[in-house]
Amino acid sequence: MHPYRTHTCGDLRPEQKDQTVRLSGWVFRKRDHGQLIFIDLRDHYGVTQVVFHPDRPFFDEVQKIRLESVITVTGQVAARSLETVNPDLPTGAVELVVDAYEVISLADPLPLHLAGEDEGPEDIRLKYRFLDLRRERLHRNLILRSDIIASLRRRMLEQNFREFQTPILTSSSPEGARDYLVPSRVHPGKFYALPQAPQQFKQLLMIAGFDRYFQIAPCFRDEDARADRSPGEFYQLDIEMSYVTQDDIFNVVEQVIYGVFKEFSNWKLDPAPFVRIPYREAMEKYGSDKPDLRIPIEMRDVSALFKESKFNAFRSVVEKGGVVRAIPVKAISDKPRSFFDKLVEYAQSIGSKGLAYLVWSEGAVKGPIAKFMAPDELARLATMCGVGEGDVIFFVADAAKSANRIGGDLRSKLGRDLDLIAKEVYRFCWIVDFPMFEFDEESQAIIFSHNPFSMPQGGMQALLEKDPLDILAYQYDIVCNGCELSSGAIRNHSPEIMYKAFEMAGYGQDEVDRRFGAMINAFKLGAPPHGGLAPGVDRMVMLLANETNIREVIAFPMNQKAQDLMMNAPATVTEKQLRELHIAIKLPPARAVEPGTTPAPAGG
RNA sequence: GGGGGCGUAGCUCAAUUGGUUAGAGUCCCAGACUGUCGAUCUGGUUGUUGCGGGUUCGAGUCCCGUCGCUCCCGCCA
């Protein structure tokens, strides 16, 4: 007999009745009746009830065994009597009556509860991640992750993509996020950088003629975390294709994404092709370039109407170049005054100067600004926003950027608070036609608004003839339920257009050569038109696992401050290591006052 | 770097307008119990209320500072 097991804890059924079998696993739950002990034995595959009778020599030992200890038990499979069958367990029709018992590994009292719903504090969960991962939910999430990645690989290979590995130790990229740096022992004072993404390598693979590339690629960025953004490192399904248009890329990606979401979820799903929303329209309607289409609220631009109105507060905003956005919401006119007051307060807390609203109620239009509005203006608003009896319109007036941000935030909040978010559905869209450049208020200069390697729509002619701020790029995002899955672009494969685009963003030719030499050189030696994108694997798994925090789908995540509390990273290293790397540490000034050193006040 | 929330037993949480000895469940320890499946029952241990200071006759509660975790803004080509 195998020393550890003949079956797993998920295997046994009435068919194995009377067989002698062996199981190994963790003591999940224990029910001690004094003259009879039940243990729910758990492994990766399931849970099986094992029964201990008091005539066995190890009975006292079993009474003392602590939860999560690892044991091996051998005995006969018995069918449970009808009243004692547990319908909640797949193995619930049988139990194992133990004749031989061996303790493999004793567990100390646990720092976390594993049975039950309580999760415990985040730092303890992370420090004891291997325990946390024993829980069913996390265990299931990581299995799902593995299955999703296998499916992604299969779907990519089926579409004639090949998987490539690209360097992890590479050079620091001049644009974008902060790099993680790795000092070179052989080259004093020089550093490798971990790749923020394999962007340049995948383009070079296209230039090398491989036509269709993908990689489940690790990416490293030294930026702060969010609930949907793991600090330090994450994975992308990195994709690049040659001789393609934007539509070709959408087509491929829609098949893969739709297929994977269909395979791993029974939620409703937008069919391909996914709706395409120009960036400017998304900002106007949803106040976001990653709109959550599950929320049935669309903003309207009503600047023109208020420009002519008698309502000074809004008219002056529009006259100064600002905008007025209307947020129509159906059937909430009966909400109490406090609802509106709280929303106004919330709007102010996120930086709005105020929050006006109109209420269509009992055949009249009410609300703080109703008295400033002419009847025909109210009628036109109702038509433009599609509102009627019982509906409400909120208004945000501000500079376009702020109005979009505040309006978008309010739209989401209204969706959440009013429970308007469609349930059990994945809503996808492409955001297309991102601007190539934007005006940076801080530096008072034109900068790339996204990836500098994107092809401007209209090519060289557009760069030469159009207002830079009106030039669009073949740059797109794919968004699901308000979560940005991926950015991508048709790349700029022409050195001339590239130099010109960089020039417009304030970079000279020599600077481009210095920073992107490998790419430019490659473009000068025969480059196919190409493009791609890179959906975030962690985010896809997060959506499919229906988790709101990305840590729940990563085996060993770092905390918000990019520390691994289990492995104690980052950590100091030895003097010897530093010497070999030619590194001297220069710490920031220590914090001023130690606790307890403050002079006590005199008297008493 | 900035803003919000949280911090009470190993874990989950309670503690009235500031009021006397900070409680409950769970875990742990001891005992009882032959059909449970979150077993049950009896008893017991467990606290620098994150830390430091202040106000007060009196602080878990109020104030200031600080630390930790988290969410958000900045940031993420």
Side-chain angles (χ1 to χ4, degrees), chain A residues 28-41 47-55 59 63-64 66-68 78 80-89 91-92 95 97 107-128 131 173-179 196-197 199-200 219-232 234 346 349-351 405 409 434 442 447-454 473 475 484 487 489 502 505 515-516 534 536 548-549 551 559-561 563 565 591-601 604:
Chain A
F28 187 38
R29 282 185 286 255
K30 188 170 69 168
R31 295 176 291 281
D32 181 354
H33 291 242
Q35 296 301 302
L36 186 71
I37 302 170
F38 300 100
I39 281 179
D40 288 340
L41 194 67
V47 173
T48 301
Q49 172 165 289
V50 298
V51 190
F52 297 85
H53 289 288
D55 55 346
F59 190 80
Q63 277 193 312
K64 291 188 166 48
R66 272 195 292 260
L67 298 182
E68 295 302 313
R80 297 206 210 176
S81 67
L82 214 58
E83 320 84 70
T84 63
V85 164
N86 184 349
D88 297 330
L89 282 183
T91 61
E95 61 194 7
V97 182
D108 287 341
L110 301 167
L112 290 164
H113 286 279
L114 293 193
E117 309 259 307
D118 297 334
E119 294 193 323
E122 193 81 30
D123 45 347
I124 294 182
R125 291 181 62 200
L126 291 173
K127 181 171 179 187
Y128 296 95
L131 282 182
S173 62
E175 300 282 329
R178 278 183 287 267
D179 287 312
Q196 296 176 20
Q199 180 66 33
Q200 296 192 52
C219 303
F220 305 89
R221 294 177 194 176
D222 186 4
E223 295 294 346
D224 291 339
R226 290 285 184 279
D228 65 351
R229 203 164 81 205
S230 185
F234 59 97
Y346 176 78
S349 78
I350 59 170
R405 179 180 61 79
D409 193 318
F434 276 83
E442 202 180 316
I447 59 169
F448 286 113
S449 77
H450 277 77
N451 186 329
F453 301 137
S454 300
Q475 167 89 37
E484 180 191 315
S487 271
F502 271 97
R515 291 179 157 194
F516 306 105
T548 52
N549 193 300
R551 280 190 295 272
N559 69 6
Q560 199 183 28
K561 291 194 173 157
Q563 295 166 299
L565 299 176
R591 293 185 185 281
V593 185
E594 289 292 313
T597 59
T598 327

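Not measured: the values here are computed from a predicted model. Note on naming: letters A, B, ... go to the chains in the order of the sequence lines (proteins, then strands), and numbering restarts at 1 for each one.
One can place CG of Asp409(A) at 17 Å from P of rC71(B), the figure rounded to the nearest angstrom. The distance from atom CZ of Phe52(A) to atom C1' of rG35(B) is 15 Å, rounded to the nearest whole Å. As a whole-Å value, the separation of Ile124(A) CD1 from rU70(B) C1' is 14 Å. With rounding to whole Å, Leu89(A) atom CG is found 9 Å from rG38(B) atom P. For the pair Arg125(A) CZ and rU70(B) C1', the computed distance is 12 Å after rounding to whole Å. Between the P atom of rC29(B) and the NZ atom of Lys64(A) lies a distance of 9 Å, rounded to the nearest Å. Atom CG in Leu67(A) sits about 8 Å away from atom P in rC27(B), given to the nearest Å. As a whole-Å value, the separation of Leu110(A) CG from rU12(B) C1' is 15 Å.
When the C1' atom is used for both rC29(B) and rA9(B), the distance is 15 Å, rounded to whole Å. Rounded to the nearest Å, the gap between the C1' atom of rA15(B) and that of rU61(B) is 10 Å. Comparing rU70(B) with rG50(B), their C1' atoms sit 15 Å apart, to the nearest whole Å. Look at the P atom in both rC27(B) and rU42(B): the space between them is 15 Å, to the nearest Å. Of the P atoms belonging to rC6(B) and rC13(B), the separation is 13 Å, rounded to the nearest Å. To the nearest whole angstrom, the two P atoms, one in rG53(B) and one in rC11(B), are 24 Å apart. A gap of 23 Å separates the P atoms of rG44(B) and rA39(B), to the nearest Å. Taking the P atoms as reference points, rG3(B) lies 13 Å from rC64(B), given to the whole Å.
Residues Arg31(A) and Asp40(A) meet the side-chain proximity criterion, which asks for heavy atoms closer than 4.5 Å. A 4.5 Å side-chain heavy-atom check between Leu565(A) and Asn559(A) finds at least one atom pair inside the cut-off.
Asp55(A) comes within 4.0 angstrom of no nucleic acid atom, judged by non-hydrogen atoms across all strands. Residue contacts for Asn451(A): at a heavy-atom cut-off of 4.0 Å it reaches the sugar-phosphate backbone alone, with no base atom in range. Across all strands shown, Ile37(A) has no heavy atoms under 4.0 Å from either base or sugar-phosphate atoms. Across all strands shown, Gln49(A) has heavy atoms under 4.0 Å from base atoms, whether or not it also approaches the sugar-phosphate.
A donor and an acceptor atom sit less than 3.5 Å apart, one in the side chain of Glu95(A) and one in the base of rG35(B). Donor-acceptor pairing under 3.5 Å, judged by distance alone, is absent between the side chain of Asp123(A) and the base of rC69(B). With hydrogens and angles left out, the side chain of His113(A) and the base of rG38(B) share no donor-acceptor pair within 3.5 Å.
Nearest heavy-atom pair across Thr91(A) and Val47(A) is OG1-O, 2.5 Å. Of all the heavy atoms in Leu67(A) and Ala107(A), the pair that sits closest is O-CB, 3.5 Å. Pairing each heavy atom of Arg80(A) with each of Leu89(A), the nearest pair is NH2-CD1, 4.4 Å. The two residues Cys219(A) and Gln196(A) make their nearest non-hydrogen contact at CB-O, 3.1 Å. Contact record, Phe453(A) with Gln200(A): CE1-CG, 4.2 Å, taken as the closest heavy-atom pair. Closest heavy-atom contact between Phe448(A) and Ala505(A): CE1-CB, 3.6 Å.
In terms of position along RNA chain B, the nucleotide closest to Leu565(A) lies nearer the 5' end than the nucleotide closest to the other residue of the pair Gln199(A) and Leu565(A). Comparing Val51(A) and Gln563(A) by the nucleotide of RNA chain B that holds the closest heavy atom to each, the one mapping nearer the 5' end is Val51(A).
In summary, Arg221(A) and Asp179(A) do not engage in a salt bridge, as defined by a charged side-chain N under 4.0 Å from a carboxylate O.
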Between protein and nucleic acid, restricted to nucleotides 72-75 of chain B and to nitrogen or oxygen atoms under 3.5 Å apart, what atom pairs and distances do you find?
| unit_1 | atom_1 | unit_2 | atom_2 | d |
| --- | --- | --- | --- | --- |
| rC72(B) | OP2 | Ala227(A) | N | 2.9 |
| rC73(B) | OP2 | Arg226(A) | NE | 2.6 |
| rG74(B) | N7 | Arg226(A) | NH2 | 2.6 |
| rG74(B) | O6 | Arg226(A) | NH1 | 3.0 |
| rG74(B) | O6 | Arg226(A) | NH2 | 3.2 |
| rG74(B) | N1 | Asp224(A) | OD2 | 2.6 |
| rG74(B) | N2 | Asp224(A) | OD2 | 3.2 |
| rC75(B) | O2' | Glu223(A) | OE1 | 2.4 |
| rC75(B) | O2' | Glu223(A) | OE2 | 3.2 |
| rC75(B) | O2 | Arg229(A) | NH2 | 3.0 |
| rC75(B) | N3 | Arg229(A) | NH1 | 3.4 |
| rC75(B) | N3 | Arg229(A) | NH2 | 2.8 |
| rC75(B) | N4 | Arg226(A) | NH2 | 3.4 |

Pair up each side-chain donor or acceptor in residues 225-232 of chain A with any protein partner under 3.5 Å, not counting sequence neighbours, and list the distances.
| unit_1 | atom_1 | unit_2 | atom_2 | d |
| --- | --- | --- | --- | --- |
| Arg229(A) | NE | Asp224(A) | O | 3.2 |
| Arg229(A) | NH2 | Asp224(A) | O | 2.7 |

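Of the possible donor and acceptor atoms, none in the side chain of Glu68(A) sits under 3.5 Å from a partner among the backbone N and O of Phe28(A).
Relative to the side chain of Arg66(A), the nucleotides rC69(B), rC28(B), rG10(B) differ in distance, and rC28(B) lies closest. Checking rU70(B), rU36(B), rA77(B) against the side-chain heavy atoms of Asn549(A) singles out rU70(B) as nearest. Considering only side-chain atoms of Arg80(A), the nucleotide from rA77(B), rC37(B), rU70(B) that sits closest is rC37(B).
Gln560(A) and Arg551(A) share no donor-acceptor pair across their side chains, judged by distance under 3.5 Å alone.
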Each nucleotide of nucleotides 39-45 of chain B classed B (base within 4.0 Å of a protein heavy atom), S (only sugar-phosphate) or -, in 5' to 3' order, makes B------
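For Phe434(A), the ring pair (Phe, Tyr, Trp, His ring centres under 6.0 Å) test picks out Tyr279(A), His450(A), with sequence neighbours left out. By the ring pair (Phe, Tyr, Trp, His ring centres under 6.0 Å) test, His33(A) pairs with Phe38(A), sequence neighbours left out.
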If pairs are Watson-Crick or G-U with both distances under 3.5 Å, what is the dot-bracket string of RNA chain B, marking crossing pairs with [ ] and pairs to another strand with |?
(((((((..((((.....[...)))).(((((.......))))).....(((((..]....))))))))))))....
